[in-house]
Amino acid sequence: MSFDLRHRMHVYEQLFSSVERVTELIIQTNWEEGSAPPKYWMNTPDHLYVIANTFNICVVFLARTESTTVLPLVSNMDGPSGTIFIGLIEELQHFIQLQLVNGCPLPPLHVQWEYHRDMRVSS
């Protein structure tokens, strides 16, 4: 994921309104060797757009306090290639992959989608 952050830094700078935040995410996602130590773990919803863009997938995030659907801002003309469901166990600050029943209702699009969709770029 750090490659996508570096490769499309201009997209993420606009998305997060901060070069510093993009740099933090690059450092935090720069792990490629087996199990990552905790300092490299996903710990913020900012990672959702990075996951969606890197893997060209729709990310559905479910938590008790906030749930949202994030679409990739960078994708091919066919749109997202699939969907991943991520849940947050808030008491433990731990993210897990979920499997949901087909046809279940999904949370609304991310609150900033209306603004960010205009900066969509092709891959």
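Since the structure is predicted, the reported quantities are computational estimates derived from the model, not experimental observations. Count residues from 1 along the sequence.
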Q: List the steps and the verdict of side-chain contact (heavy atoms from CB on, under 4.5 Å) for I86 and L62.
A: CA-CA 6 Å; I86 298 174; L62 302 170; over 6 Å; no
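- Shortest non-hydrogen contact noted between Y40 and A36 is CB-CB, 3.9 Å.
- Residues L71 and Y49 share a closest heavy-atom pair of O-CE2, 3.7 Å.
- Annotation: side chain of I57 is not in contact with side chain of T83 (no heavy-atom distance under 4.5 Å).
- By the criterion of side-chain heavy atoms lying less than 4.5 angstrom apart, applied directly or through intervening Ile, Leu, Val, Met, Phe, Trp or Tyr residues, F55 is grouped together with L15 in one hydrophobic cluster.
- Using a 4.5 Å cut-off between side-chain heavy atoms of Ile, Leu, Val, Met, Phe, Trp and Tyr, with links allowed through other members, V19 and L5 fall into the same hydrophobic cluster.
- Looking only at distances, no side-chain donor or acceptor of N53 sits under 3.5 Å from a matching main-chain atom of P72.
- I96 and V60 fall within the same hydrophobic cluster, defined by Ile, Leu, Val, Met, Phe, Trp and Tyr side-chain heavy atoms under 4.5 Å apart, directly or through other members.
- Relative orientation of the W41 and H94 rings is perpendicular, given thresholds of 30° and 60° on the angle between their planes.
- A donor-acceptor pair under 3.5 Å links the side-chain atoms of S81 to the main chain of N56, judged by distance alone.
- Taking CE of M9 as the start and CD1 of I26 as the end, the distance is 4.5 Å to the nearest 0.5 Å.
- Here the closest heavy-atom approach between residue L109 and residue T68 is recorded as C-OG1, 3.6 Å.
- Y12 is listed as a side-chain neighbour of V50, based on a closest heavy-atom distance under 4.5 Å.
- T69 places a side-chain N or O within 3.5 Å of a backbone atom of P107 that can act as its donor or acceptor partner.
- Listed by chain and residue number, nothing satisfies the side-chain hydrogen bond (donor to acceptor under 3.5 Å, both in side chains) test with S17 (two or more places apart in sequence, or in another chain).
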Q: Starting from the C-alpha separation in whole Å, work towards a yes-or-no answer on side-chain contact (heavy atoms from CB on, under 4.5 Å) for H47 and T29.
A: CA-CA 9 Å; H47 288 95; T29 60; 3.9 Å; yes
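- Under the 4.5 Å side-chain contact rule for hydrophobic residues, I84 and F95 share a cluster.
- Aromatic ring centres of F61 and H110 lie farther apart than the 6.0 Å criterion allows.
- Nearest heavy-atom pair, L100 versus F85, reported as atom, atom and distance to 0.1 Å: CD1-CD2, 3.2 Å.
- How far OG1 of T54 is from CZ of R8: 7.5 Å, rounded to the nearest 0.5 Å.
- Between K39 and Q28, the shortest heavy-atom distance links the atoms O-CG, 3.5 Å.
- For the residue pair S18 and E13, no side-chain donor N or O sits within less than 3.5 Å of a side-chain acceptor on the partner.
- Closest heavy-atom contact between P108 and S67: CD-O, 4.4 Å.
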